[in-house]
Amino acid sequence: MSDVKTIQNLIGGQELDAIAGATIENTSPTRGQVIARIPRSQKADMAAAISAAKTAFRGEWSQWSRLERADLLDAIADKIDAHKDELAKLESLDNGKPIKLALAVDIPRAAANFRFFAGAIRHDKTDCHSMPGAINYTVRKAIGVAGLITPWNLPLYLLTWKIAPALAMGNTVVAKPSELTPMTAARLGQLIHELEIPPGVVNIVHGLGAEAGQALVEHPDVSLISFTGGTVTGRAVAATAAPQFKKLSLELGGKNPTIVFADANFDDAVEGSLRAGFLNQGQICLCGSRILVEESIADRFEAALIAKAKEMKVGDPSNPKTDVGALISTAHREKVESYIELGRKEGGTIACGGNRPDLGDALNSGAYLNPTIITGLGSHCRAATEEIFGPVVSVHRFKDEEEALAMANGVRYGLCASVWTENLSRAHRVSAKLDTGMVWVNTWLLRDLRVPFGGMKESGVGREGGRYSLEFFSESRNICIKL
Ligand code: TXE
């Protein structure tokens with residue numbers, strides 16, 4: 001019992017239990033053990049946080065210059081770096097992801113998010129349009145209280161991707177992390193408050209989506225919502241926020257194609273498809289869960305991919321050699337398994353995986369699943385077109401470019417795609433015709449934080465990243481002066 005942490009809300013600079021006193025158990029998917037209790041916050045808790053954020057927005061924080069805010073963001077990044085090992089351990093325990101991934105990606109990227117937006121506001125410039133007899137200049141103004149709702153797959157990485165630009169532009173924030181992964185958000189709140197920051201600028205409220213999350217979205221004093229999560233939830237968030245004309249950014253799900261042409265560098269394409277399929281147990285909205293392969297190389301490609309997937313080390317996330325850790329929960333694993341079963345019923349062959357690994361007594365109560373490859377499935381089947389969000393990919397064969405594009409674009413989602421070819425003209429041609437917000441050629445998940453990030457179709461609305469985030473987290477205002 002002594003290992004069970006008590007997590008509190010951070011409201012107006014104070015750590016508090018939920019007003020009604022209710023809590024939610026937070027279970028680690030690594031062994032199925034309870035690791036923390038978090039507040040089950042309700043409307044009243046959210047109202048207190050929003051009120052603190054509103055007061056802070058109007059107070060001393062509004063006097064902070066852009067350069068002072070940039071220095072604060074750098075100081076937060078330094079704090080994250082200084083606590084890198086602790087944060088990586090918490091993230092791995094809470095989410096089930098391999099410690100080596102948390103250390104190499106999640107935590108460094110969280111620090112990088114703050115440093116990036118510190119630099120962005122130091123070097124930001126505004127437009128000036130001169131016209132006969134007048135000049136216009138455009139300024140960006142902070143909006144007020146930003147509501148930030150984040151999922152469980154990249155907990156600190158995605159939370160900081162929102163907090164950093166929100167603060168950079170002078171807003172105050174109320175964040176609602178996923179109830180499944182509250183640990184690093186809570187620790188970040190504490191680290192931020194070791195710095196000189198007015199109370200109420202950063203508030204973190206824990207709880208369930210339908211309670212705390214909904215209360216944040218519907219509150220009239222929250223002028224902006226940045227949400228990352230599932231498409232169904234995104235629709236509910238939009239339905240609540242839109243009638244109040246809140247600024248809204250929705251980063252939702254994906255069913256992203258990895259398109260491998262016969263002229264690709266074969267080994268790179270296999271390696272890239274494997275990484276895109278299984279990184280973070282396939283629980284990244286950008287994961288390439290549909291692999292489309294040109295017919296002439298398909299047998300060889302499938303064989304190589306299956307061999308590599310079988311080599312992946314599934315197991316204890318705290319072991320630095322582990323490639324595939326636990327899924328977020330046993331309930332989520334059941335959902336993923338139901339899709340594998342559906343794929344089988346729809347005519348697919350489970351070419352590898354599809355089952356749980358035997359990891360011994362200590363770990364068998366965790367949420368592990370072997371990397372799974374489904375072949376021979378029609379590209380219109382549900383298992384091939386719905387987001388599974390687990391270590392499951394389906395491989396489909398195409399005859400030519402036209403068929404590859406029809407398959408790639410034939411889903412409701414449009415987040416990203418990766419294209420593997422050595423033919424430069426084809427790379428440009430195919431990229432132009434893909435209905436996705438992002439395309440990678442001969443790589444996957446290579447991120448420059450300046451570029452627009454976001455999806456088309458049911459993958460979301462709006463763009464974040466670089467100046468797109470600066471614009472989203474502010475109001476652009478024009479001032480016209482007659483000369
Ligand atoms: O996400 P949810 P879940 C996908 C993936 C997964 C599915 C569901 O397919 O299986 O979504 O995952 C909060 N008002 N992705 O259930 O529910 C919730 O508390 C306001 C893709 O975890 O969308 C959490 O903080 N907020 C995705 C956040 O929304 C609400 C990453 C996301 O939870 C709310 C995660 C409400 N009514 C899952 N209901 C990606 N694109 O990266 C819930 N929340």
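Computed from a prediction, not measured in an experiment: that's the story for all the values here. One-based numbering along the sequence shown. Just so you know, ligand 1 is whichever comes first in the structure, and atom 1 is the first atom listed for that ligand.
Looking at Thr231 next to ligand 1, no N or O pair under 3.5 Å apart turns up. Taking only nitrogen or oxygen atoms, main chain and side chain alike, Leu252 reaches within less than 3.5 Å of ligand 1.
Close contacts between ligand 1 and Glu387 involve ligand atoms 4 (C), 5 (C), 9 (O) [criterion: under 4.0 Å to a heavy atom]. Each of the following atoms of ligand 1 lies closer than 4.0 Å to a heavy atom of Thr150: 24 (C), 25 (O), 28 (C). Within the listing of ligand 1, atoms 31 (C), 35 (C) sit less than 4.0 angstrom from a heavy atom of Pro151. Contact atoms of ligand 1 toward Glu179: 18 (C), 19 (O) (distance under 4.0 Å to a heavy atom of the residue). For ligand 1, the atoms lying closer than 4.0 Å to a non-hydrogen atom of Phe227 are 23 (O), 28 (C), 29 (O).
In this structure, Arg275 forms no cation-pi arrangement with Trp440, as its terminal cationic atom is not both closer than 6.0 Å to the ring centre and no more than 45° off the ring axis. At least one test fails for Arg356 against the ring of Tyr368: distance under 6.0 Å to the centre or angle within 45° of the axis.
In this structure, the protein non-hydrogen atom closest to atom 39 (N) of ligand 1 is Thr233 CG2, 3.1 Å. Closest to atom 12 (O) of ligand 1 among all protein heavy atoms lies Trp152 NE1, 3.6 Å. Nearest to atom 44 (N) of ligand 1 among the protein's heavy atoms is Gly209 CA, 3.3 Å. Of the protein's heavy atoms, Phe389 CE2, 3.8 Å lies nearest to atom 38 (C) of ligand 1. The closest protein non-hydrogen atom to atom 40 (C) of ligand 1 is Cys285 CB, 3.5 Å. Closest protein heavy atom to atom 8 (C) of ligand 1: Gly230 CA, 4.8 Å. The protein heavy-atom contact nearest to atom 20 (C) of ligand 1 is Gly213 C, 3.3 Å. With respect to atom 13 (C) of ligand 1, the closest heavy atom belonging to the protein is Ile149 CG2, 3.7 Å.
For Arg450, the CZ atom counts as loosely surrounded, since its 6.0 Å shell holds 12 or fewer non-hydrogen atoms of other residues, nucleotides or ligands.
In summary, the side chains of Asp17 and Asn9 do not present any donor paired with an acceptor at a separation below 3.5 Å, with no hydrogens or angles considered. Side-chain contact check for Thr228 and Lys162: at least one donor-acceptor pair (N or O, by modelled atom type) lies under 3.5 Å.
Between Phe114 and Trp161, the gap from one ring centroid to the other reaches at least 6.0 Å.
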*side-chain contact (heavy atoms from CB on, under 4.5 Å) between Arg463 and Phe453, worked out*: CA-CA 5 Å; Arg463 294 291 179 269; Phe453 182 98; 5.9 Å; no
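If you check each of Lys335, Glu218, His332, Glu211 against atom 7 (C) of ligand 1, the one with the closest non-hydrogen atom is Lys335.
Ligand 1 is approached by Pro177 to a heavy-atom distance shorter than 4.0 Å.
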